[in-house]
Amino acid sequence: MTTVASFTITHSRFLDPAGALTQALPEFARGPSALKRLYRAMALTRVFDARALALQRTGRLGTYASSLGQEAVAVGLADAMRAEDVLVPSFREHGAQLLRGVTATELFLYWGGDERGSNFASAREDFPVAIPVGSQAPHAAGVALAFMLRGDQRVAVCAFGDGATSKGDVYEAMNLAGVWRLPVVFVINNNQWSISVPRSAQTAAATLAQKAVAAGFAGEQVDGNDVIAVRHAVGSAIERARGGEGPALIEAITYRLADHTTADDARRYRDDAEVSRHWKDDPIARLRLYLTREAGWTKDDEEHLLSECGQVIVNAAETYLAMAPQPPSALFDHLHASLPDALAAQRDILLRESDRHG
Amino acid sequence: MTTVASFTITHSRFLDPAGALTQALPEFARGPSALKRLYRAMALTRVFDARALALQRTGRLGTYASSLGQEAVAVGLADAMRAEDVLVPSFREHGAQLLRGVTATELFLYWGGDERGSNFASAREDFPVAIPVGSQAPHAAGVALAFMLRGDQRVAVCAFGDGATSKGDVYEAMNLAGVWRLPVVFVINNNQWSISVPRSAQTAAATLAQKAVAAGFAGEQVDGNDVIAVRHAVGSAIERARGGEGPALIEAITYRLADHTTADDARRYRDDAEVSRHWKDDPIARLRLYLTREAGWTKDDEEHLLSECGQVIVNAAETYLAMAPQPPSALFDHLHASLPDALAAQRDILLRESDRHG
Amino acid sequence: MVERTLVEALNLALVRAMTEDERVILYGQDVGIDGGVFRVSEGLLRQFGAKRVLDTPLSETVLAGLAVGLGAQGFRPIVEIQFDGFLYPTLDQLINHAARLRTRTRGRLSCPMVLRAPYGGGIHAPEHHSESNEALFAHIPGLRVVIPSSPRQAYGLLLAAIRDPDPVVFLEPKRLYRALREEVADDGASLPLDRCFAVREGRDVTLVAWGAMMRETLEAAEQLSSAGVEAEVIDVATLKPLDADTILRSVEKTGRCIIVHEAPLTGGFGAEIAARLAEHALTSLLAPVVRVAGYDTVMPLAKLEHFYMPSAARIVDAASRVMAYA
Amino acid sequence: MVERTLVEALNLALVRAMTEDERVILYGQDVGIDGGVFRVSEGLLRQFGAKRVLDTPLSETVLAGLAVGLGAQGFRPIVEIQFDGFLYPTLDQLINHAARLRTRTRGRLSCPMVLRAPYGGGIHAPEHHSESNEALFAHIPGLRVVIPSSPRQAYGLLLAAIRDPDPVVFLEPKRLYRALREEVADDGASLPLDRCFAVREGRDVTLVAWGAMMRETLEAAEQLSSAGVEAEVIDVATLKPLDADTILRSVEKTGRCIIVHEAPLTGGFGAEIAARLAEHALTSLLAPVVRVAGYDTVMPLAKLEHFYMPSAARIVDAASRVMAYA
Ligand SMILES: Cc1ncc(C[n+]2csc(CCOP(=O)(O)OP(=O)(O)O)c2C)c(N)n1
Ligand SMILES: Cc1ncc(C[n+]2csc(CCOP(=O)(O)OP(=O)(O)O)c2C)c(N)n1
Ligand SMILES: [Mg+2]
Ligand SMILES: [Mg+2]
C-alpha cells in the first residue's frame, strides 16, 4: 500500500472575538484606512438589513433574507475584488453588492419584487441574486471561462452557503473550474444553517473547504467573522487566479444570527441560547474593539458613521418607495431582444386587461 | 494558520503485471479455489464480450459496450458481494452481472434491444444497466437507505466510470451517503477514457479516490487490473459498510482496451501504441501467470475452461436468437401496474396498426 | 366534523398513510423539526421518528434518485421539493428512471414514489417561488400528475397517490394552502386518480380548470350566473392520465369551453384539453375553445404578478365572448 | 453545388458562424478531436483551435450553466448535449436562468446560447438515445425551439439560431443525419426563426409535422396524392415561437388537419397546434383534427421501436378518415 496523494486543510484568522490580533496583520490591513473602509461597509450592511426588515414588517418589501452577523464574509470578499472582476452572488451577499456599487435602492427594488433592482447602474457585469441554491456556481465558471478565453486579467468571485455545497451544480462547476484552471474563486458563506438543517446534517465532510479536494484545487478555512481574514484569504486567492494559477475555495465560517428569512421562525429548530452564544462572535463588534484600541476609533466616530449610513439607507428607501411601478408591458419588454410577432397578440391582451381591470 | 483536517489516498495491489505477488495474499485468496473462481469469471466475461461483438457485427445485437481489459473490476467487485447485496451497475459491468447470476441470454436481450433482458430471473433486486452516466448513484444510495431503515445487514454496490465522477448526481449521492452513513460502496471503474475524453481532461483531482474527501468518507485506489486487489478492497469496504461504518469509494485503475462502444472508432483520438502498451496490464494474463506458476494451472485447464465458457455463451446466444420478440402490446404492459382506462384507446390503436402493418 | 385548511388536510393524509403503511416514509429539506416551510409535515417527525421523516441535504437530484432505489426496495417514498422552481433538477431522474423503472424491467422493479411540491403564483413570493410547471410533468409517460384544489380533495388524492404503485407528481397550489377551510373526514377514503371532478352543473358553457385557478373559475361561474349564464365547472385535478371523457361529455352538452390555467399558454396543459376537443368534440362545439392562461412570459416578480395571473374577469369576458359567438 | 447531408450542413453552418463571429464557441463532450459522436463538429478543433472548440467533462448541468456566464460576458456559446436523453439535467439552468436572464436583469445581461442535441428515434439506438422531448422546451418562456428537417433548413436555421441574441434549443433529428442529401449553398443566409415552411401545396387536407416525421408525412402526402387527395404539408421547424398563422391559413383553405409527431401524444407539441385550431379555425374545420403521434408510453428499446414510431400508413389512414368525415 503506497500513499499517492495527501491534503491538508488550514484555518486562519487575524482578529479574535475580543478584537485582539492573533498574528501580524496582512499587508493590505496595515494602517487604519482599509480597516475603517471595511468597518463602514459592514456597518452599512447592517443598517441596510435593519431597514429591509422594517420595510418587510410593514408590508413594503417581500420576503427578505437578512445577513445579520455575516457581514464580514460579504464585505471581505467584495473588498478583495477589483472593479473589473465579476461578482456572482447568492441571495445573502447584500454587503458585497453594496460595496461593488449596487445601490441600496436597487436592492430594495429586487427584494420588493421589482425586476429593475437587478438592472444595476454600476457593476454592470455582476450577476443578480441567485435564488435556486448553488445554481450560480456554473455561471461563475462561465464568466471565468470568458475571461480566460479573452485573455482578460479578471476574476469571477462566486459566493454560496453551506447548504449549497450539497448541490451537484456547485460540484460540477468546481470540477470544471479545476480542470480548466479557470480564474474563479468560490467562497462558502458557512453560516452553519440551511434553513432548519444544521451544517452537520448537510455533509460528513469535516470541513467544507475540503470540497475542493474533489475538484483538484486548494481549499482553506477562515474565520468568517474576521473580515481581515476573509479579505486576506479571498484577496490572495483572487490574485493567484488572476495570475493564472487557477481556482480556489474559501470556506468562511460565520453564523446566521437572524431567521433564515422573514418567512422563517428559527425558534422552531434552534435554541435561543445557541444564537446568543454566537453574538459574541459578531464581526462588527470585533473590528470595533480593535479599531477602538488600535486606531483611536471613538464613540463620536461610531455615531457619525451610523448616522451617515442611516442617511444613505433612508434616502435609498425613500427613493425606492417613491418609484412608480413598471407598466404591465414590462412582462414582455425583455423577454427577447425584440418581441417575436407571435407574442404581440398576447401582449395586446395584457394591455387591454390591465387597462380595464388594472 | 492551523491545520484542521488532513487526508491521504493510498494505492494497493497484490499481483504485478508479471503475475508476481507484491505482498502477502489476503485471507480470501489463500488456496487456489477463490482465484480459479475469479479467473473463470473473467474468462467468461471476455468470451461473452467477444460473442457480443460478433453478434453486433452481424447485425444481431445493437450498439454494445465492450469491457475488454476491465474484467478484473467487474468480477472483483461482484465476487466481494453477498447474494443478498444489491448491485447497481453502469453499462460496462457485464462481468459483475454474470457473476451475480444475470444470464448471458438476458444480457444479450438487453443489448439486443429487448426490455426482457432487464427482468433478471436471478439477482431479482439488482438494478438494470444505467445508460445516463452516473444516474445510478442516487439509486444505490436509495437502496442502501432502504437497508438501513429496515435494519438489514445488506450493502449496495454501485459502479461507474471515470467520466461519471464529473456528474453532480454522483457527488450528491456520495455526499448523502456520507452524511447518513449509508451501507453503500461506490466503485469507480477508471478505464482512463470517457469516449474521447481522457481522464486528465475530466478533473484536476490527482486521484479519483479523493472525490470521497468531499463527501466525508474514505477513498482509496487499487490496481484495477489486479482482481485480487479489487476483490480485497471492495470486500473490506462492503464488510465495513455492513458493520455500520458507512460508505466507501474505491477507484480501480484499469484501461479500456476496446473502442468505447461498437459505434466508436477510438483511433480517431488515441494512439494504437497507447493501447498496445496497456495490453501488458491485461488482468486475465496476469492472473494466469500467477496460477500457472503457483497453482499448477495447465494449458489443458485453460483450454477446458475456454471451451466450457464458450459453450455457456454459445448456448446463451442461441437461446437469445431463438426468442420470439415481445408482442406490440408490450409497449403498454408495464407502463403502470395496471393500465389506466385513459390509455386503453391508445393501446387499441397500436394493436390495430400492428395487425395491419406489422 | 373539523374544518381544515388544505395544509391541514395534507398533514392528515400523511399521518393516515404513514400510520396504515410502514413502507411510507417522507423526506425533503426542512420536513422534520421545522415541519416543512409550509408546515405540511408539522408533528410528523415527533409522531413517526427520524427513520420515517428525514431532513435531507440540499440536493434535489439525489432526492429524486433516492426514491428510485427506495421504491425498488419496496418502500413508498414521499419526497418534498421545497418550491416549484426547484423541481427541475428532479426531471432527469423522473423521466429517465422513476417513470420507466417498471417498463424497463418488465415489472420486476417499480417506483411507487410521490413527489410533492408547493406550486403556483399569487402569494407575492420571491423569484422562482411562483412557477406553474405541471405541463412538463404531464408529458412524461408513466407518471401521474395530480393537483388538488380543496382540502377534501387534497386529503383523498394524496392518499390515493401514496397508495398508487407507481410514481405520482403531486403539486400543491400554495395560494390555497390556508385560503379556505372545509370539513374533512379522516376516514382514509381515497379519491380516484383518473377522474375529473364536476364541481358545478350548468348548461351554457364548460369551464375547465385545476388547482388555485379553481377559485377564479368558480368566482367567474358565479358572476356568469348572475348574468344568466350557467357554467358547468370541471376541476381536472388528476391531469395525467387525463379523464377526457368527463370534459367531452360536458362540452357535448354545453357546446362551449373555456380552459383556465396559470401556466404560460403555449404548451400548457390546456393545449392538451383543447386538442381533445378539436379531435373529439368538433360537432358539439358551438363556439371556439378559449384558453385563459398565463402569458408566454417569465413569471414576473411580486409587483407585477397580478398582471400575469388569469383573473375571474378574464374568464367572464372569455365566456361572454363565447356565449355571444354565432 | 455540392450535395450535403444534414450533418454536413450543420458542420458548414458551424464553420461559417465561427468564421464570421469570434464570439461563437462550441463545447460539449467529444466535440473536439472526435468531432462529435455524429461528426457534426468534424474538423472544427483543427480549424478553430482549443479556445473555440472545447471538450468538456461529463457534466450536463454545468454545460448549460456555463453558457449563462459566457453569454452574460458577450460570448455566443453553442453547447452540444450528446443525446436527447441526457438533456434533462440542463432544464434547471435553461428554465431558471438562460431563458430569463434578460428578463430578470431588464436587458442588462442576456444569454445568446444555442443548445444542440441529436434527437428522436428510429435508428435502433441504445436506451435513452431515442427521445422526443421538444414539448418540454417549447413550454419555456424566453426560449426558442428549432427542429430542422433537411440539410438546407439545418444550415439556415442553425445560422439563425447562433445569430439570435437569445437562447435557442436546436434539436437535430438524428434519423435524418445521413438519410438524405441536398444542395446546400454556403452563402451565409439564415432562415427566419419564426416562420413555418409550407413544403407542399394542396387543397384537401393540411398535414403538419416537423423533424424526422417530415419523411413519413411527405411519403403519406405522395400516397394520398395517388389516391386523389392533395395534402398541403407544413413543416413547423421553428416550434417556439409558433407561427400559427401559416397553419391557420392552410386549414382555412383545406378545412382538415392532421398533426404528426414522434413524441408521446399527451402534452406533445401537437396539442398546442390542435389547440390553436380549436381556438381560431373552428369555422373552417370540416372534420376533427387528428394527431398521429407516439403513444403515451416509454420509448421502447430497439426491437419494438417500429411499433412506436408513427408511420406513413397511420398518417394516410388518418387523412382518409378525415376526408371521409361528413
Ligand atoms: C435549489 C434550491 N432548493 C431549495 C431552496 C429553498 N431554500 C432557500 S435558501 C435554502 C437554504 C440555503 O442554505 P445555505 O446554502 O446554507 O444558504 P443560507 O440560506 O444559509 O445563506 C433553501 C433550502 C432553494 N432556494 N433552491
Ligand atoms: C449523462 C450522460 N451524458 C452523456 C452520455 C453519453 N456517453 C455514454 S458513455 C460516455 C462516457 C462515459 O465515460 P465513463 O464514465 O468513464 O465510463 P466508460 O464509458 O469509460 O465505461 C458518454 C459521454 C451518457 N450516456 N450519459
Ligand atoms: Mg447556510
Ligand atoms: Mg471511462
Side-chain angles (χ1 to χ4, degrees), chain A residues 62-65 91 109-115 117-118 128-135 161-169 194-198 201-203 260-261 263-266 268-270 325-332 334-335 340 342-343 346-347 349-350 353-354 356-358, chain C residues 28-39 42 45 54-63 65 82-83 85-89 92 123-130 264-266 292-314 316-318:
Chain A
T63 302
Y64 176 72
F91 47 80
L109 275 169
Y110 177 77
W111 292 96
D114 188 319
E115 288 81 0
S118 295
V129 153
I131 295 292
V133 167
S135 63
D162 44 306
T165 65
S166 298
K167 282 288 285 186
D169 313 37
S194 173
I195 309 187
S196 75
V197 179
Q202 201 66 243
T203 181
H260 169 70
T261 63
D264 177 49
D265 173 9
R268 293 175 63 87
Y269 53 80
R270 70 177 184 186
Q326 297 181 97
S329 59
L331 268 70
F332 288 93
H334 298 285
L335 188 62
L343 288 174
Q346 287 194 22
R347 189 170 176 279
I349 295 177
L350 167 65
E353 289 297 317
S354 57
R356 289 185 36 213
H357 311 289
Chain C
Q29 294 148 24
D30 309 294
V31 299
I33 185 169
D34 199 33
V37 291
F38 287 104
R39 311 289 174 251
E42 174 92 50
L45 175 63
L54 296 91
D55 271 327
T56 67
L58 213 165
S59 319
E60 280 80 6
T61 299
V62 79
L63 296 196
Q82 205 160 66
F83 280 94
F86 315 130
L87 279 164
Y88 309 117
D92 186 30
I123 64 159
H124 285 51
E127 206 174 2
H128 303 288
H129 286 67
S130 303
L265 178 83
T266 300
V292 175
Y295 303 105
D296 286 344
T297 66
V298 173
M299 181 75 182
L301 296 188
K303 287 246 163 83
L304 297 185
E305 187 180 33
H306 61 289
F307 288 121
Y308 176 92
M309 303 285 288
S311 60
R314 268 182 77 192
V316 169
D317 282 1

If I measure from the heavy atoms of chain C, does [X] come under 4.5 Å with its side chain, its backbone, both, or neither?
{"X": "A/Tyr110", "value": "both"}
{"X": "A/Ile195", "value": "both"}
{"X": "A/Leu335", "value": "side chain"}

How many angstroms lie between atom [atom1] of [X] and atom [atom2] of [Y], to the nearest 0.5 angstrom?
{"X": "C/Lys303", "Y": "A/Gln326", "atom1": "NZ", "atom2": "CD", "value": "9.5 Å"}
{"X": "A/Leu331", "Y": "C/Phe307", "atom1": "CG", "atom2": "CZ", "value": "8.5 Å"}
{"X": "C/His128", "Y": "A/Phe91", "atom1": "NE2", "atom2": "CZ", "value": "11.5 Å"}
{"X": "A/Ser354", "Y": "C/Tyr308", "atom1": "OG", "atom2": "OH", "value": "15.5 Å"}

Are A/Lys167 and C/Glu60 within salt-bridge range, i.e. N to O under 4.0 Å?
yes
Salt bridge A/Arg268-C/Asp34, side-chain N to carboxylate O under 4.0 Å:
yes
Indicate yes or no for a side-chain donor-acceptor contact from [X] to the backbone of [Y] under 3.5 Å, with no hydrogens or angles considered.
{"X": "C/Ser59", "Y": "A/Ser166", "value": "yes"}
{"X": "C/Asp55", "Y": "A/Val197", "value": "no"}
{"X": "A/Gln346", "Y": "C/Asp296", "value": "yes"}
{"X": "A/Gln202", "Y": "C/Leu58", "value": "yes"}
{"X": "A/Glu115", "Y": "C/Pro300", "value": "no"}

Identify the two heavy atoms, one from C/Phe86 and one from A/Pro132, that lie closest to each other, and give their separation to 0.1 Å.
CE2-CA, 3.7 Å
Please report the shortest heavy-atom distance between A/Ser194 and C/Asp30, naming the atom on each side.
O-OD1, 3.6 Å
Contact part of C/Val62 toward chain A, heavy-atom cut-off under 4.5 Å: side chain, backbone, both or neither?
neither
Do C/Thr297 and A/Arg347 make a side-chain contact, defined as non-hydrogen atoms from C-beta onward lying under 4.5 Å apart?
no
Under a 4.5 Å cut-off applied to non-hydrogen side-chain atoms, are C/Asp317 and A/Arg356 in contact?
yes
